[in-house]
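Contents: one structure, followed by commentary.
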Amino acid sequence: MNSIQKSRRRALVFNYVNCIVLLCLFYLIKGGIVSKSYLIFEILPVTGIMVSFKNVFGKSKLWQLTHSTFQALDERETELVYRATTISYSIFAIVTLILIYLFYLGGLGAIDVVLAAFLLYLAHTLPAAIIAWNQKVVIDED
Amino acid sequence: MKSRKIFNRIAVLRQERNISRKELAEKIGVNFQTIGYLEREEYNPSLDLAFSFSEYFHLPVEMIFSVEPLKPLSEELKQLKGERHE
């Protein structure tokens, strides 16, 4: 594993950790455990998500890769996106099930718009995240 | 299904023609990174892609791709000439 892949993996972990921090803080405030004034601190994980998003998905063009039509990709890229999407379906289903059960058992009721937004973000970023995590980064000189 | 590794001469042929990966990728119609993957033999091309290389380099497919490690082209040509004389 080279330094680019290491930093990409670190940024990826940082991105999802910030998502979890954002959600935890939101539900702590919503549940009345933490004062509403702490809502201002949501800016920190949001900034973290934006910065790491740019590094992992933007600069690497992985967002573009996983959001292109198959006609715009060559056969290797199509195979790469197909494999990543297949894995991401399984991960997404498991994460969604866990969250539904957590909400049900935690007495939080049905999932709300914030969690739905997170799940939407997760669904869109997971294929690119899987590629970022697994792909060997080789810089072709020309 | 586990597939066999396919060896190729793309890097040698590209360097012989003095073209960059980007230029070759444009001619073949793939991403330039795919050329890198093929040259490093980390990706097995489809038959269609293999024929595209064959057409571009004006060489038979079996001269570019093989399931066995490829000998240098000069050695193979010498062998072919020897077979013709026999």
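Heavy atoms only: backbone and side chains are in, while hydrogens, waters and symmetry mates are out. First the proteins, then the strands, lettered A, B, ... as listed; each starts at 1. Just so it is clear, the structure is predicted and the values come from calculations on it, not from any experiment.
Hydrophobic cluster membership is shared by Val17(A) and Tyr121(A), with clusters built from Ile, Leu, Val, Met, Phe, Trp and Tyr side chains linked at under 4.5 angstrom. Under a hydrophobic clustering in which Ile, Leu, Val, Met, Phe, Trp and Tyr are joined whenever their side-chain heavy atoms come within less than 4.5 Å, directly or via other members, Ile40(A) and Leu25(A) fall into the same cluster. Cluster annotation: Ile111(A) is not connected to Leu28(A) through the hydrophobic network of ILVMFWY side chains, with a link wherever side-chain heavy atoms come within less than 4.5 Å. Under the 4.5 Å side-chain heavy-atom criterion for ILVMFWY residues, a single connected hydrophobic cluster contains both Ile87(A) and Val13(A). No path of Ile, Leu, Val, Met, Phe, Trp and Tyr side chains, each step under 4.5 Å between heavy atoms, connects Leu44(A) with Val21(A), placing them in separate hydrophobic clusters.
Crowding of Leu97(A) atom CG: a count of heavy atoms from other residues, nucleotides or ligands under 6.0 Å exceeding 12. Other residues, nucleotides and ligands contribute at most 12 non-hydrogen atoms within 6.0 Å of the CD1 atom of Ile43(A). Other residues, nucleotides and ligands contribute over 12 non-hydrogen atoms within 6.0 Å of the CD atom of Glu62(B).
Using a 4.5 Å cut-off between heavy atoms, Glu42(B) touches chain A through its side chain atoms alone.
Below 4.5 Å, heavy atoms of chain B meet heavy atoms from Asp74(A), Glu75(A), Arg76(A), Glu77(A), Glu79(A), all part of residues 49-86 of chain A. When the heavy atoms of residues 47-56 of chain B are compared with those of chain A, the residues falling under 4.5 Å are Leu49(B), listed by number.
The side chain to side chain donor-acceptor pair (under 3.5 Å) search around Asn134(A) returns none, not counting sequence neighbours. In this structure, the side chain to side chain donor-acceptor pair (under 3.5 Å) partners of Ser37(A), at least two apart in sequence or on a different chain, are Ser35(A).
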